Enquirer: 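Right, I'll just put the structure down here and ask away after.
Fair warning: this is a prediction, and the values are worked out from it, not measured in the lab. Order of the sequence lines sets the chain letters (A, B, ...), proteins ahead of strands, with each chain counted from 1.
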Number of protein chains: 2
Amino acid sequence: MEPLYRRILADLTDRIARGDLSPGQMLPSETEIGAQYGASQGTARKALSLLEARGILERRQGRGTFVAVSTDETALFHFFRLRDAAGALVTPVLERQSVTLRDATPDEVALDSPRVYEIDRLRRIDGRLAARERVVVAADRFPGLGERQTPANALYPFYQRAYGVAILTASETLAPAVAEAGQDGLEVAAGEALLLIRRQAGDVAGKVAELRRCTYAMAELTYAVDLR
Amino acid sequence: MEPLYRRILADLTDRIARGDLSPGQMLPSETEIGAQYGASQGTARKALSLLEARGILERRQGRGTFVAVSTDETALFHFFRLRDAAGALVTPVLERQSVTLRDATPDEVALDSPRVYEIDRLRRIDGRLAARERVVVAADRFPGLGERQTPANALYPFYQRAYGVAILTASETLAPAVAEAGQDGLEVAAGEALLLIRRQAGDVAGKVAELRRCTYAMAELTYAVDLR
DNA sequence: CAGTGGTCTAGACCACTCC
DNA sequence: GAGTGGTCTAGACCACTGC
């Protein structure tokens, strides 16, 4: 028998993943949610606290409980790890990007979709073309992405705003490399150090929602991680 | 007024950090801990659950609550992120290591100690000298480290077993680099890709307990991270 | 079987936010 | 002042562990 708080947890997660509850929306009080599931306030509270710990909800004493909203700040803070020599956040500037609709390749099975959009972005760091990011998402989860205005900066707030897809987790694989001249369309010299990053990003329900392959020319840059 | 559960939390953390409660030791039951602090079982439970979430305690229904023990497995799982091309854990083999007692350098102020031990390790990956790790700890927290037998593999279980210092967190800074021939005493050719990693590792109380500077020759290797 | 943590309740009071 | 989450209690029953 599954504990009551787990059922509340699963049901709320599901409703948020389906878009039944949207970003920024206020939830009923603990007492009321408890009543809806035939549970006490304490049991509803347990589920709500767990959802808060996962970053799915935000709760504030005196205000209420809200579906967490992804902003440029939170997205950068969680998922953008490039820092300069002093440890300060680096902000690449978009040079150009293209969006293509195509068939998924075999190594994109995790997206579980035959058709995908690929967003290809070239960005400048300190004036130099030093970042190339190829982002792939399932076409059926992001319908009409090719016709939309895609944002110049963080994609995750856009995913949430336009499609209700909240990115909460990512697993990355990093490898250093030595550049060939002009590799990946970047302004890099042969023999320069590069950092190659592959990312799988997951949504509220833990499903893979995005894949990326990035190349960064790393003169003076570092990648910062916290392990727990 | 600080909430009761926070005082229990802080006090237990402190007792573990001081070595008053040692790794593997069983704690009293929830009810009894509550009684010791003049609190109910539910309040003690809240503190204990938080300590479990932080990895400081381990709790098991029917068995009891125990101070978490660092094993080779948990240490590798949390803090050793090198993987081979297939994503499997890489196991470097110790070639040789040396331990030196010396004055702390200015960039080691985080250790808050005038004297430090430096453990310098060279390790083989797939038969090649491909890993150099320089580990620095405060001499007064690890007395006699130079005279002890230091382990061939994971240091963190050793820190905990021998000195009661449990490593729970680490922030790392990664940078790719291009090797010079024989750099850092490794068997690397000029122009090969390297990964440089600096780490600050924190203990139960959040204090910096260890610094490391590592160099890895990365042919076919990757570094895996999970972001949340 | 006794003892542990895990779930759940019903109710109290406090701290904060907003009108 | 009304409504929210945050803390805390006392007690119940269940599920699991180990003797």
Side-chain angles (χ1 to χ4, degrees), chain A residues 1-16 20-69 71 74 166 204, chain B residues 1-16 20-69 71 74 166 204:
Chain A
M1 188 57 175
E2 201 184 23
L4 235 183
Y5 78 90
R6 293 221 144 268
R7 269 180 285 169
I8 302 176
L9 186 79
D11 191 54
L12 288 175
T13 307
D14 197 54
R15 287 173 61 188
I16 293 169
D20 179 16
L21 295 166
S22 12
Q25 187 175 338
M26 182 173 171
L27 272 66
S29 70
E30 297 179 343
T31 332
E32 192 168 331
I33 289 181
Q36 287 174 14
Y37 292 91
S40 72
Q41 172 263 354
T43 300
R45 180 179 183 74
K46 179 154 187 177
L48 292 169
S49 299
L50 283 167
L51 287 167
E52 185 188 25
R54 293 188 194 173
I56 296 178
L57 295 180
E58 278 175 12
R59 323 187 69 208
R60 289 270 283 283
Q61 180 170 131
R63 295 205 48 200
T65 299
F66 303 83
V67 180
V69 176
T71 64
T74 57
V204 170
Chain B
M1 187 57 174
E2 202 185 21
L4 235 184
Y5 79 90
R6 292 220 144 269
R7 270 181 284 168
I8 302 176
L9 186 78
D11 191 53
L12 288 176
T13 306
D14 198 53
R15 288 173 61 189
I16 292 169
D20 179 14
L21 294 167
S22 11
Q25 188 175 336
M26 182 172 170
L27 271 66
S29 69
E30 297 179 343
T31 330
E32 192 168 330
I33 289 182
Q36 286 173 16
Y37 291 91
S40 71
Q41 171 264 355
T43 302
R45 180 180 183 75
K46 179 154 186 174
L48 292 169
S49 299
L50 283 168
L51 287 167
E52 185 187 25
R54 290 186 196 175
I56 295 177
L57 295 180
E58 280 175 11
R59 324 188 69 209
R60 289 269 282 283
Q61 179 170 130
R63 295 205 49 197
T65 300
F66 304 82
V67 180
V69 175
T71 64
T74 58
V204 170

Enquirer: Of all residues at least two apart in sequence or in a different chain, which pass the side-chain contact (heavy atoms from CB on, under 4.5 Å) check with Ala39(B)?
Expert: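 For Ala39(B), the residues satisfying side-chain contact (heavy atoms from CB on, under 4.5 Å) (neighbours in sequence not counted) are Leu4(B), Ile8(B), Thr43(B).
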Enquirer: With side chains defined as the heavy atoms from C-beta onward, is the minimum distance between Thr65(A) and Ile33(A) less than 4.5 Å?
Expert: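 No, their side chains stay 4.5 Å or more apart.
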Enquirer: Going by side-chain contact (heavy atoms from CB on, under 4.5 Å), name the residues that satisfy it together with Ser49(A), two or more places apart in sequence or in a different chain.
Expert: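 side-chain contact (heavy atoms from CB on, under 4.5 Å) check on Ser49(A) returns Arg45(A), Arg59(A).
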Enquirer: Strictly under 4.0 angstrom, non-hydrogen atoms only: write out the protein contact profile of nucleotides 2-10 of chain D, one letter per nucleotide from the 5' end, B, S or -.
Expert: -BBBBBSB-
Enquirer: Mark yes when over 12 heavy atoms from residues, nucleotides or ligands other than Arg60(A) sit less than 6.0 Å from its CZ; otherwise mark no.
Expert: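 Atom CZ in Arg60(A) is not packed in, count stays at 12 or less.
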Enquirer: Check whether any side-chain heavy atom of Leu9(B) lies under 4.5 Å from a side-chain heavy atom of Arg54(B), and answer yes or no.
Expert: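 They are in side-chain contact.
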